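Structure first, commentary second.
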2 protein chains.
Amino acid sequence: MLRLSKLTDYATVILSFMAREKAQVRAAMEISTVTGIALPTVSKILKLLVNADVLISTRGAKGGYVLARMPEEISVAAVISALEGPIALTECSISHQGCEQASGCDILGNWSLINQTIHNALESVTLADLIRPVVVPEEVLIPVSSLYR
Amino acid sequence: MLRLSKLTDYATVILSFMAREKAQVRAAMEISTVTGIALPTVSKILKLLVNADVLISTRGAKGGYVLARMPEEISVAAVISALEGPIALTECSISHQGCEQASGCDILGNWSLINQTIHNALESVTLADLIRPVVVPEEVLIPVSSLYR
DNA sequence: TAATTGAGGACTATTCTAGTCCTATTTAAT
DNA sequence: ATTAAATAGGACTAGAATAGTCCTCAATTA
């Protein structure tokens, strides 16, 4: 199903909450209460987001987490890779080591184009877009196949 | 990592092999030998591809598998969904049942736009593209964020 | 009728994910 | 100073998903 992990899903919920009052410092406990996600899980996610420079943390009493940048500057791609590592559909796209698929792996080059396309797509959507009210576009067609012509 | 399953990866290898001699009927055994993927695994994949109408099978001696359509008409999206079910990043995008994320799930609408975008991307790349020699495009930018403006 | 090949599904083992918990560190308030 | 409130980091467990195998049945050809 080409799925995103549950944690990533939670992360977007958490970040959308935080993006609404962007400059506000929030403790993990508070976020847990508001979102309904269990505290240990929230903590885990927040730590990952700090390591990926999506959030900034301050320790100690009155400490907590804030967005590291404006919502417009935090891409969905950044969030996904914070939680799941590099965005790539195939193992090969990250490291080609240990791939013994001698025959057939000339596919690699083309896969990486697809990966690139998806990465661009995710890179161009930001947190700001996510919390924006939904707009249904008239007609959207993005022909990737045009890349090959 | 937003990854594709290993089986899907194998499927593309198998299909690229088959696309090179598109009208040729191939037995599972032969495909296993050529690709180096174990026979039971190859069989499993082939069956899934038949169920998804990507391949056509004939039983009995001299039986085997052929592409159901021209390589140009078999999209990567079709292959992925054959192996992994519907293409969607989040569970919610498929069924909204059992989602108690009351606060924060207005995100849904926007996620589905992202899903749509990725789906379009995968839909527009075909088997024919995959076996084509790699062409590196000059500059490729597909701003999904434009959907929101 | 025997040999060849796919269909369908059950089953197992391994890997990955989700989720929890513990201990150390930092900061603020008293 | 001391205590309380937070995060950091990492170990650990249980459960779910994936990969992979195998067995029996059905169809086709020679």
Side-chain angles (χ1 to χ4, degrees), chain A residues 1-14 18 24-33 35-66 68 80 82-85 89-91 94 98 101, chain B residues 1-14 18 24-33 35-68 80 82-86 89-91 94 98 101:
Chain A
M1 171 181 97
L2 188 69
R3 81 176 190 304
L4 239 38
S5 77
K6 223 164 170 182
L7 293 186
T8 305
D9 214 349
Y10 292 161
T12 62
V13 172
I14 292 172
M18 297 186 74
Q24 189 78 27
V25 175
R26 311 277 188 184
M29 185 60 201
E30 181 190 359
I31 296 173
S32 169
T33 305
T35 59
I37 304 166
L39 180 58
T41 303
V42 167
S43 290
K44 184 178 190 171
I45 294 168
L46 291 171
K47 287 173 205 168
L48 288 169
L49 291 171
V50 169
N51 285 330
D53 295 317
V54 170
L55 295 178
I56 292 172
S57 66
T58 44
R59 289 188 176 190
K62 305 261 167 147
Y65 300 88
V66 220
I80 293 176
L83 279 279
E84 324 203 5
L89 295 181
T90 55
E91 200 60 56
I94 296 174
Q101 220 63 48
Chain B
M1 172 180 97
L2 189 69
R3 80 176 191 305
L4 239 39
S5 78
K6 226 165 169 181
L7 292 186
T8 305
D9 213 349
Y10 292 160
T12 62
V13 172
I14 292 172
M18 297 186 74
Q24 190 77 27
V25 176
R26 311 277 189 183
M29 185 60 200
E30 181 189 0
I31 296 173
S32 169
T33 306
T35 60
I37 303 166
L39 180 58
T41 303
V42 167
S43 291
K44 185 178 190 171
I45 294 168
L46 292 171
K47 287 173 206 168
L48 288 168
L49 291 171
V50 168
N51 285 330
D53 296 316
V54 171
L55 295 178
I56 291 171
S57 65
T58 43
R59 288 187 178 190
K62 304 259 167 151
Y65 300 87
V66 222
L67 295 184
I80 293 177
L83 280 279
E84 325 203 3
L89 294 182
T90 56
E91 199 62 55
I94 297 174
Q101 220 62 50

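Labels below follow one simple rule: chain letters A, B, ... track the order of the sequence lines, proteins then strands, and each chain is numbered from 1. Because the structure is predicted, anything quoted here is derived from the model rather than measured.
Between A:Asn51 and D:dG9 there is a side-chain N or O to OP1 or OP2 distance below 4.0 Å. Regarding contacts with the backbone of D:dG20, a side-chain N or O of B:Lys6 is found under 4.0 angstrom from either OP1 or OP2.
Note that CG of A:Leu55 is 8.5 Å distant from CD1 of A:Ile14, once rounded to the nearest 0.5 Å. Separation of atoms NZ (A:Lys6) and CG (A:Leu83) is listed at 14.0 Å; rounding is to 0.5 Å. Within the model, atoms OG1 of A:Thr33 and CZ of A:Arg26 stand 11.5 Å from one another, a figure rounded to the nearest 0.5 Å.
Two residues are said to be in side-chain contact when any heavy atoms from C-beta on lie closer than 4.5 Å; A:Val42 and A:Met29 fail this criterion. B:Ile31 has its side chain within reach of B:Met18: a pair of non-hydrogen atoms, C-beta onward, lies under 4.5 Å apart.
Formation of a donor-acceptor pair under 3.5 Å by the A:Ser32 side chain with backbone atoms of A:Ile37 is found in this model.
When the P atom of D:dA5 is taken as reference, atom CD1 of A:Ile31 falls 18 Å away, rounded to whole Å. Straight-line distance from the OH atom of A:Tyr65 to the P atom of D:dA6: 12 Å, rounded to whole Å. Atom CG of B:Asp9 is separated from atom P of D:dA19 by 10 Å (rounded to the nearest Å).
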Identify all side-chain donor-acceptor contacts of residues 43-54 of chain A below 3.5 Å with residues at least two apart in sequence or on another chain.
from, atom 1, to, atom 2, distance (Å)
A:Ser43, OG, A:Leu39, O, 3.2
A:Asn51, ND2, A:Lys47, O, 3.4

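Here the shortest heavy-atom pairing between B:Thr8 and B:Leu4 reads CG2-CG, 3.8 Å. Taking both residues in full, the closest heavy atoms of B:Lys62 and B:Val25 are given as O-CG1, 4.5 Å, listed atom of the first, atom of the second, then distance.
With sequence neighbours left out, A:Gln24 forms a side-chain hydrogen bond (donor to acceptor under 3.5 Å, both in side chains) with no residue at all. Partners of B:Ala38 under the side chain to side chain contact (heavy atoms under 4.5 Å, CB included) rule, at least two apart in sequence or in another chain, are B:Pro40, B:Thr41.
The stretch residues 53-61 of chain B comes close to DNA chain D through B:Arg59, B:Gly60, B:Ala61, each having a heavy atom under 4.0 Å from the strand. Remark: A:Pro40, A:Thr41, A:Lys44 in residues 39-47 of chain A come within less than 4.0 Å of DNA chain C through at least one heavy atom.
Nucleotides of DNA chain C lying under 4.0 Å from heavy atoms of chain B occupy a range whose first and last members, 5' to 3', are C:dT4 to C:dT17.
Both B:Met29 and A:Thr8 lie close to DNA chain C; mapped to their nearest nucleotides by heavy-atom distance, the more 5′-ward contact belongs to B:Met29.
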